[in-house]
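Notes to accompany the following structure.
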Amino acid sequence: MEIGSGAIGSCSKEQLKIFQEWFGLADSDGDDRVTGNDAIQFFSTSHLSRAELKQVWAIADSKRQGYLGFNEFVTAMQLISLAQAGYDLNSDILKKAAGMEEIKLPVLDGLDALVAKTKRLAISSKHETNGTTQSMPPPSTPWFASKSGSKISHTAVTSIIDGLKKLYNEKLKPLEVTYRFNDFVSPSLTSSDFDAKPMVMLLGQYSTGKTTFIKHLLKCNYTGAHIGPEPTTDRFVVVMSGPDERSVPGNTIAVQADMPFSGLTSFGGAFLSKFECSQMPHPLLDQITFVDTPGVLSGEKQRTQRSYDFTGVISWFAAKCDLILLLFDPHKLDISDEFKRVIGSLRGHDDKIRVVLNKADQVDTQQLMRVYGALMWSLGKVLNTPEVVRVYIGSFNDKPVNEASVGPIGRDLFMKEQDDLLADLIDIPKKACDRRINEFVKRARAAKIHAYIISHLKKEMPAMMGKAKTQQRLIDNLEDEFGKVQREYHLPPGDFPNVEHFREVLNGYSIDKFEKLKPKMIQAVDDMLGYDIPELLKNFKNPYE
C-alpha cells in the first residue's frame with residue numbers, strides 16, 4: 001500500500017541537492033516551512049499562470065497543512081517542471097511520470113538574482129549582529145484579531161496546527177482547567193496530540209484477522225504481532241514509525257513528551273502493563289499509526305473481568321483515531337455484551353466507523369449473501385444511526401483468494417472492495433488536518449457545555465445549610481438538571497455528555513467547590529469558534545485562491 005506521490009524517490013542526488021538549496025532560498029525565515037507568501041514570491045519565477053500555480057499548491061499541499069515541507073516542495077518543483085513541459089496537472093500526474101525518464105529541473109527565471117539578494121541580506125544581517133547597530137524588527141502583522149482583543153503574530157504561527165495549538169493554550173485550556181473538563185471528559189491536550197500522525201484502530205472479536213490485516217497492509221511482520229485461532233493479542237499494540245524495530249513498554253511510552261499517549265496514565269498501571277508500542281521504519285507508518293486491540297470477549301469468557309476499564313480505553317482511542325475498523329468474520333457475527341458496550345463507547349464518532357467482513361472467502365457466494373444480511377441485522381440493533389454503515393467485504397491477508405468457494409465473480413468483488421478500503425486509508429493523511437480542526441471544534445463545544453453544567457450545579461447549591469442533601473438531590477436528578485441547562489442556553493440535546501458517566505465522576509467531587517460561570521471565558525471560546533478559527537483557515541488556504 002502506497003501513500004503519497006513518492007516524488008523524492010524519483011529524484012537524482014544532484015537534483016535533491018539543488019532542491020535543498022532552492023528550498024533554503026524559498027524558506028524566508030528558516031523554519032523548514034515554505035508558507036503561502038514564500039511560495040508566491042519563489043514560484044513566480046516559473047512564469048506559470050495563476051491557475052496552474054493554484055493546482056501545483058493544491059497537489060503539493062494535499063494534507064492542507066498550509067505550508068510546504070521539503071518533500072512537498074520537491075513535489076511542487078516537479079509539478080512546475082511538468083506544467084512547463086505542457087502536461088495537464090492532476091493528482092495522479094506524478095505517478096504516471098514515475099514511468100517516464102527522470103523529471104527535469106524546472107526553469108526558474110531570475111533565480112540567480114534571488115540568490116545574490118539572499119546572500120547580500122545574510123552578509124548585512126551578520127554585520128549588524130556583530131557590529132554597532134541592531135535594528136528592531138518591524139512589528140508583526142496579526143493574522144487574526146478577535147473581538148476579545150487577543151492577537152497572535154504571523155511569525156508565531158506558520159501552519160494551521162500551530163494556530164490550533166496557540167488557540168487551545170490561550171483560549172480553550174483555561175476554560176477546561178477552570179471547570180475540570182479533564183477529569184470529567186478528556187485529559188488536557190499536549191503539543192504531541194496536535195502533531196501526532198493519523199491513527200487507525202482495529203476492533204473485533206478474537207481471531208477476526210485484526211493483526212493479520214495490519215501485516216497485510218505493511219507486507220511484513222512487526223514486533224509484538226501474534227496470530228492464531230485462539231485469543232492471541234492480549235494487549236493494546238500501537239504500531240508506529242521508528243528508527244529501528246523494537247517494542248517499547250506502555251509505562252515508558254506513556255511518559256514520553258513527544259508521544260500522544262500521556263492521557264492513558266489515568267487508566268492505571270494495570271492497563272499500562274497491557275499496552276505497548278511496536279516501532280519500525282516503514283513508509284506507510286510514516287503517514288499512519290495503527291492501533292491493534294485485544295479481541296473482544298464473547299460467551300463464557302465475558303464473565304472474566306479485565307483488570308482495567310477496557311471500554312474506557314477504547315473510548316479514549318476512539319477520540320484520537322481518524323478511522324475505526326470493526327472486523328467480523330463469517331463465523332463470528334454474534335455481537336456479545338462486551339462488544340455491544342464497546343460499540344456503545346464509540347458514540348459521537350459514527351463518522352469514523354467502517355465495518356470489514358473479513359475472511360469472506362471461507363464461505364460460498366450463497367452463504368456470503370446470507371452472512372451479509374445477518375451482519376447488517378446484528379449491526380442495526382447496536383448502531384443507533386439512521387445512516388447505513390459502510391461494509392467492506394473481502395479476505396484481507398497475504399494468501400490468494402479461495403476461488404473454489406467464491407468463484408471468479410467473488411474474486412473480482414473482493415478486489416474492488418479491497419481497492420475501496422485502501423482508497424479510504426490513503427485519504428486519511430490528506431484529511432488529517434481537516435479532522436484535527438473538526439475534533440478541536442467538537443472539543444470546544446463540549447467544554448462550553450461542560451462549563452454551563454458545572455456552573456449551573458454550583459448555582460443550585462445553598463449558601464450555608466443543607467449542602468450535602470442538595471448535592472445528593474442534584475446528582476440523583478442530573479437528567480433534569482441537564483434539561484434546565486439545555487433550555488436556559490438553547491443547546492442541542494445531542495451534545496450533552498452521558499448522564500451515567502457524568503454522575504459517576506460527579507460523586508467524587510464537592511459541587512460547592514466548583515466555579516461560578518465566567519462569561520469572559522465563554523466569550524473567548526465563542527470568539528475563537530466564530531472568528532479566530534475561520535480567520536486561521538483563511539490565512540492558510542491555497543495562496544493562489
Side-chain angles (χ1 to χ4, degrees), residues 142-153 156-157 163-190 193-194 319 348 437-464 466-467 470-471 473-475 477-499 501-503 505-506 508-538:
W143 56 265
F144 69 70
S146 69
K147 284 189 173 180
S148 61
S150 173
K151 296 183 180 180
I152 300 178
S153 67
V157 174
L164 291 180
K165 284 184 196 176
K166 207 161 183 67
L167 286 173
Y168 177 73
N169 288 322
E170 293 188 0
K171 298 196 172 184
L172 185 54
K173 191 174 181 179
L175 183 78
E176 292 185 359
V177 171
T178 302
Y179 297 100
R180 308 188 187 207
F181 182 79
N182 58 317
D183 293 335
F184 282 80
V185 183
S186 173
S188 297
L189 299 179
T190 62
D193 288 314
F194 288 96
I437 298 162
N438 184 59
E439 293 297 322
F440 185 83
V441 171
K442 198 192 300 186
R443 184 183 181 95
R445 289 187 175 138
K448 247 182 71 178
I449 289 176
H450 178 77
Y452 282 136
I453 293 170
I454 293 293
S455 59
H456 168 79
L457 295 174
K458 165 72 174 176
K459 189 174 69 175
E460 294 293 308
M461 291 294 286
M464 296 290 290
K467 290 183 179 181
T470 305
Q471 168 150 341
R473 177 179 58 78
L474 289 171
I475 291 174
N477 301 318
L478 197 55
E479 203 160 352
D480 295 336
E481 300 306 320
F482 278 14
K484 290 177 186 177
V485 174
Q486 181 204 333
R487 288 188 295 273
E488 184 178 352
Y489 297 104
H490 310 290
L491 301 168
D495 288 355
F496 275 71
N498 180 275
V499 177
H501 174 72
F502 201 94
R503 182 182 287 125
V505 180
L506 191 60
Y509 288 89
S510 173
I511 295 176
D512 189 52
K513 292 181 180 176
F514 287 155
E515 293 283 345
K516 294 179 181 178
L517 188 65
K518 296 187 176 181
K520 282 188 178 179
M521 282 189 169
I522 299 291
Q523 188 59 50
V525 174
D526 283 337
D527 287 346
M528 181 186 77
L529 294 172
Y531 303 98
D532 297 341
I533 291 179
E535 193 67 19
L536 173 65
L537 299 179
K538 181 181 172 185

Residue set satisfying ring pair (Phe, Tyr, Trp, His ring centres under 6.0 Å) with Phe496, at least two apart, ordered chain then number -> Phe482
- Query: Is any NZ, NE, NH1 or NH2 atom of the basic residue among Glu481 and Lys484 found under 4.0 Å from an Asp or Glu carboxylate oxygen of the other?
  - Reply: yes
Rounded to the nearest 0.5 angstrom, the CG-OH distance for Leu517 and Tyr489 is 5.0 Å
Shortest non-hydrogen pair, Met464 vs Lys467, comes out as O-CE, 3.6 Å
- Query: Hey, are the side chains of Met461 and Gln471 touching, using non-hydrogen atoms and a 4.5 Å cut-off?
  - Reply: yes
Between the CG atom in Leu164 and the CD1 atom in Ile437, the distance rounded to the nearest 0.5 Å is 6.0 Å
For this session: Report the C-alpha distance between Met528 and Phe440 in whole Å, list the side-chain angles of each, state the deciding distance to 0.1 Å, and finish with yes or no for side-chain contact (heavy atoms from CB on, under 4.5 Å).
Result: CA-CA 11 Å; Met528 181 186 77; Phe440 185 83; 3.7 Å; yes
As a quick check of understanding, evaluate side-chain contact (heavy atoms from CB on, under 4.5 Å) for Tyr452 and Glu488, giving each step before the final call. CA-CA 10 Å; Tyr452 282 136; Glu488 184 178 352; over 6 Å; no
Nearest heavy-atom approach of Ile453 to Pro497 is CD1-CD, 3.9 Å
Tell me if the CD atom of Glu479 is crowded by more than 12 foreign heavy atoms within 6.0 Å. no
In short, Arg443 meets Ser186 closest at the heavy-atom pair NH1-OG, 3.0 Å
side-chain contact (heavy atoms from CB on, under 4.5 Å) test vs Leu457 passes for just one of Ile475, Leu474, Asp512, Val485, namely Leu474
**Report entry** Asp526 with Lys448: basic N within carboxylate O range, under 4.0 Å
**Finding:** yes
Item checked: Residue Lys442 excluded, over 12 heavy atoms near NZ under 6.0 Å -> yes
Okay, side chain of Asn477, backbone of Asp480: is any donor-acceptor separation there less than 3.5 Å? no
CG of Leu167 to CG of Leu536, rounded to nearest 0.5 Å, is 6.5 Å
Here the gap from Leu478 atom CG to Arg473 atom CZ, rounded to the nearest 0.5 Å, amounts to 12.0 Å
Heavy-atom closest pair (Ala447 atom, Leu172 atom, distance to 0.1 Å) is CB-CD1, 3.9 Å
Output for pair (Ile449 CD1, Phe181 CZ), nearest 0.5 Å, gives 10.0 Å
In this structure, CD of Glu176 is separated from CG of Asp183 (nearest 0.5 Å) by 11.0 Å
Of all heavy-atom pairs linking Ser188 and Tyr168, the shortest is CA-OH, 3.4 Å
| Salt-bridge present (Asp495, Arg445; N to O < 4.0 Å) | no
For Ala444 and Leu529 the tightest heavy-atom approach is CB-CD2, 3.9 Å
*Got Asp532 and Lys171 here, is their nearest side-chain heavy-atom distance under 4.5 Å?*
yes
The ring pair (Phe, Tyr, Trp, His ring centres under 6.0 Å) partners of Phe184 (sequence neighbours excluded) come to His450, Phe502, Tyr509
